[in-house]
Amino acid sequence: MSFTMLKRKKRKKIIIIGGGFGGCAAAKKLAKHDVDIILFDKKNHHVFQPLLYQVATAMLSPAQIAYPIRSIFKKYNNIRVMIGNITEIDKKSKYVRPRDSKQKFYYDYLIIAAGARHSYFGNNKWEKYAWGLKTTADALKIRERMLYSFEKAERTRYASKQKRFSTFVVVGAGPTGVEMAGAIAEVTKKSIVKDFTAFDSRKSQIILVEASNRILNSYPEKLSYKAQQDLEEMGVEVKLNAAVSNITQDGVYIGKELIKTENIIWAAGNKATSLVQAVTKHFNRMGQAIVRSDLSIKENKLIFCIGDCAYYKDKDGNILPAVAQGAIQSGEFIANQISADLQNKKRQVFKYKNKGEMATIGRSSAIAVISGISISGFLAWLLWGIVHIVFLIDFRNRFIVVLDWMVSYLTHRRSVRLINMYSPDKN
């Protein structure tokens with residue numbers, strides 16, 4: 001047996017579950033070392049999740065915010081990309097197995113970066129009527145239901161039905177909920193006004209429901225109130241201290257009050273992948289692994305959790321936010337810790353570097369906190385756009401997105417108003 005073959009046998013095998021921001025960041029950093037990497041994802045593409053709401057509201061197409069994972073890593077000879085829904089992890093024998101395969105894939109290190117899905121706080125039956133926004137498939141479902149609701153509002157002879165079809169309820173006033181509410185308001189008040197004859201889209205009702213006492217409550221109060229003011233000026237009704245008590249085919253219940261609608265977007269909660277609970281007994285109510293300072297699980301230093309899968313509080317009490325920059329920093333950090341192991345060096349303590357927070361409200365309106373400085377209005381919106389364009393992977397995607405944004409800014413036009421999949425109902 002040749003020396004080269006012996007050397008290759010000794011290379012550490014690293015499996016990464018999830019091709020999101022964290023998984024891709026870890027893979028890129030690890031690829032510089034003498035290791036073999038397998039990256040599993042349920043889909044064959046990486047999704048730029050911060051812009052999913054623009055797919056859901058007909059601004060962008062899925063292809064503009066998604067990129068094939070294989071293309072991302074085509075220059076790396078030691079990264080193998082595989083489509084597979086991992087459903088089994090054996091910590092003792094150190095292997096994972098996809099749902100549709102009997103093949104076992106063995107590892108020396110395992111990184112779980114499989115993201116999260118929406119959580120209905122034990123009310124799973126609500127999912128049938130209130131759709132979350134985590135994947136391109138989610139975004140397309142929301143988009144097509146929204147567009148078809150407008151068609152039904154145009155068709156009906158009854159004012160009560162027209163109101164129901166043109167009422168939108170967004171549950172949860174974090175960044176996703178605020179961005180969705182603002183985008184829907186732009187669609188109904190500006191983009192489609194001239195498209196219908198019997199239906200006046202400007203009379204559409206957009207309601208943002210939040211259980212706490214303010215929207216965007218992770219931001220400074222001044223920015224939170226400014227964002228609410230901007231939303232209300234756009235025609236969004238903001239309901240605070242309003243906990244959802246039930247969701248049915250009739251609409252959303254806030255206490256005993258029923259808001260009749262079939263357009264409900266759920267942005268109120270997330271739950272980490274069930275794989276977390278397959279590897280650790282230490283997790284929070286959101287299903288996130290409570291990790292150590294090196295982001296490994298408490299039971300095993302060879303298994304890491306990052307992104308939406310991890311809960312980490314540093315010595316100063318700061319909690320690692322489940323946002324893109326947190327996932328990227330975590331992925332790169334873990335790669336460095338594995339590198340330290342290979343060189344028999346001591347692992348480090350993870351420290352999150354907050355580069356700022358941003359949320360867009362609507363056309364020319366956003367809020368941002370950068371280096372402790374609060375910014376709002378057009379400047380924040382411009383910075384938000386620049387940052388999101390920079391993070392898009394492919395140059396072609398960047399160019400097309402910028403072009404669509406410019407056209408929309410000048411004309412209010414939404415270019416992807418296509419109905420392909422949504423089945424007409426009997427309303």
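Every heavy atom of this structure was used, including side-chain atoms; hydrogens, water molecules and symmetry mates were not.
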Practice prompt. Kindly give the heavy-atom pair with the smallest separation between M180 and Y53, and that separation in Å.
Written response: SD-CB, 3.5 Å
Worksheet item: Within the side chain of N318, is there an N or O that forms a donor-acceptor pair under 3.5 Å with the backbone of D314?
Response: no
Discussion item. Give me the atom names and distance for the closest heavy-atom approach of I37 to A31.
Written reply: CD1-N, 3.7 Å
Discussion item. Closer than 3.5 angstrom, by distance alone: can the side chain of S204 be matched with the main-chain N or O of S201 as a donor-acceptor pair?
Written reply: yes
Practice prompt. Could you check if a side-chain atom of S119 sits within less than 4.5 angstrom of a side-chain atom of M286, using non-hydrogen atoms only?
Written response: no
Worksheet, complete the sentence: Of all heavy-atom pairs linking V55 and A139, the shortest is CG1-CB, 3.7 Å
Discussion item. Using a 3.5 Å distance criterion without hydrogens, assess whether the side chain of T188 forms a donor-acceptor pair with backbone atoms of A185.
Written reply: yes
Worksheet item: Heavy atoms, side chains only, cut-off 4.5 Å: are P50 and H388 in contact?
Response: yes
Worksheet item: With no hydrogens and no angle check, is any side-chain donor or acceptor of E210 less than 3.5 Å from a backbone partner on V238?
Response: no
Practice prompt. Kindly compute the distance separating CG (L60) from CG (L52), expressed to the nearest 0.5 Å.
Written response: 10.0 Å
Practice prompt. Answer yes or no: is there a side-chain heavy-atom contact under 4.5 Å between K29 and N336?
Written response: yes
Discussion item. Rounded to the nearest 0.5 Å, what separates atom CG in D230 from atom CG in L223?
Written reply: 10.5 Å
Fill in: Value rounded to 0.5 Å, distance of NZ in K260 from OH in Y253
8.5 Å
Worksheet item: Where the side chain of K313 meets the backbone of L320, is there a donor-acceptor pair that is under 3.5 Å apart?
Response: no
Discussion item. If the condition is salt bridge (charged side-chain N to carboxylate O under 4.0 Å, His left out), which residues does E232 pass it with, not counting sequence neighbours?
Written reply: none
Worksheet entry | Distance (rounded to the nearest 0.5 Å) between I65 CD1 and L51 CG | 6.0 Å
Worksheet item: Salt bridge or not for E262 and K152, using N-O below 4.0 Å?
Response: yes
Worksheet entry | Presence of salt bridge, K239 and E257, under 4.0 angstrom | yes
Worksheet entry | Under 3.5 Å: donor-acceptor pair, side chain of E332, backbone of A26 | no
Practice prompt. Assess whether side chain to side chain donor-acceptor pair (under 3.5 Å) is satisfied between S191 and E186, documenting all intermediate values.
Written response: CA-CA 6 Å; S191 301; E186 288 185 337; over 6 Å; no
Worksheet item: Has the side chain of S293 got a donor or acceptor atom that lies under 3.5 Å from a matching backbone atom of V349?
Response: no
Discussion item. Under a 4.0 Å threshold between the charged nitrogen and the carboxylate oxygen, would K301 count as salt-bridged to D294?
Written reply: yes
Fill in: Ring centres under 6.0 angstrom apart (F105, F40)
yes
Item to complete: Decide whether a cation-pi geometry holds between R145 and W131; the criteria are a distance under 6.0 Å from NZ or CZ to the six-membered ring centre and an angle within 45° of the ring axis.
Response: yes
Response to the item:
Closest non-hydrogen atoms of S374 and V369, given as atom of the first, atom of the second and distance, are OG-CG2, 4.3 Å
Fill in: L208: which of V171, V178, V169 passes side-chain contact (heavy atoms from CB on, under 4.5 Å)
V178
Item to complete: Check whether the ring centres of F150 and F168 lie less than 6.0 Å apart, and answer yes or no.
Response: yes
Practice prompt. Kindly give the heavy-atom pair with the smallest separation between I79 and A27, and that separation in Å.
Written response: CD1-O, 3.6 Å
Worksheet, complete the sentence: Shortest non-hydrogen pair, A289 vs C305, comes out as CB-SG, 3.8 Å
Fill in: R70 bridged to D41 by N-O distance under 4.0 Å
no
Worksheet item: Are I265 and I184 side-chain neighbours, meaning at least one heavy-atom pair lies under 4.5 Å?
Response: yes
Practice prompt. Could you tell me whether the side chain of Y109 reaches within less than 4.5 Å of the side chain of D341, counting heavy atoms only?
Written response: yes
Worksheet item: Distance-only, no hydrogens or angles: does the T261 side chain make a donor-acceptor pair with backbone N or O of T167 under 3.5 Å?
Response: yes
Item to complete: Using a strict 4.0 Å threshold on nitrogen-to-oxygen distance, state whether D200 and R202 make a salt bridge.
Response: yes
Worksheet item: So with a 6.0 Å cut-off around NZ of K134, is the heavy-atom count from everything else above 12?
Response: yes
Worksheet item: Going by heavy atoms in the side chains, are H118 and D138 under 4.5 Å from each other?
Response: yes
Worksheet item: Only one of K163, R164, E237 forms a side-chain hydrogen bond (donor to acceptor under 3.5 Å, both in side chains) with Q205, so which one is it?
Response: E237
Worksheet entry | Stepwise side chain to side chain contact (heavy atoms under 4.5 Å, CB included) check, I14 with I38 | CA-CA 6 Å; I14 302 166; I38 299 178; over 6 Å; no
Discussion item. Using side chain to side chain donor-acceptor pair (under 3.5 Å), reason through E179 and T360 one step at a time and then give a plain yes or no.
Written reply: CA-CA 6 Å; E179 289 167 349; T360 180; 5.8 Å; no
Item to complete: Look at D90 together with K94 and state whether they make a salt bridge at an N to O cut-off of under 4.0 Å.
Response: no
Worksheet item: Should we say atom NZ of K271 is surrounded by more than 12 heavy atoms from elsewhere, each under 6.0 Å from it?
Response: no
Worksheet item: Should K351 and D316 count as an ion pair when the cut-off is N to O under 4.0 Å?
Response: yes
Discussion item. S274 vs Q277, test: side chain to side chain donor-acceptor pair (under 3.5 Å). Steps then yes/no.
Written reply: CA-CA 6 Å; S274 59; Q277 297 179 35; over 6 Å; no
Item to complete: Kindly say whether K355 contributes a backbone atom to a donor-acceptor pair with the side chain of Q325 at under 3.5 angstrom?
Response: yes
Practice prompt. Nearest 0.5 Å please: distance from the CG atom of L39 over to the CD1 atom of I16.
Written response: 5.0 Å
Worksheet item: Are Q288 and Y312 linked by a side-chain donor-acceptor pair shorter than 3.5 Å?
Response: no
Item to complete: Ignoring hydrogens and angles, tell me if any N or O in the side chain of E127 forms a donor-acceptor pair with the backbone of Y120 under 3.5 Å.
Response: no
Worksheet item: Under a 4.5 Å cut-off applied to non-hydrogen side-chain atoms, are V209 and V170 in contact?
Response: no
Fill in: Parallel, tilted or perpendicular, as decided by the 30° and 60° cut-offs, for the rings of F199 and F196
perpendicular
Practice prompt. Give, for atom NZ of K298 and atom CZ of F283, the distance between the pair rounded to the nearest 0.5 Å.
Written response: 13.5 Å
Worksheet item: Is any side-chain heavy atom of Y107 closer than 4.5 Å to a side-chain heavy atom of V96?
Response: yes
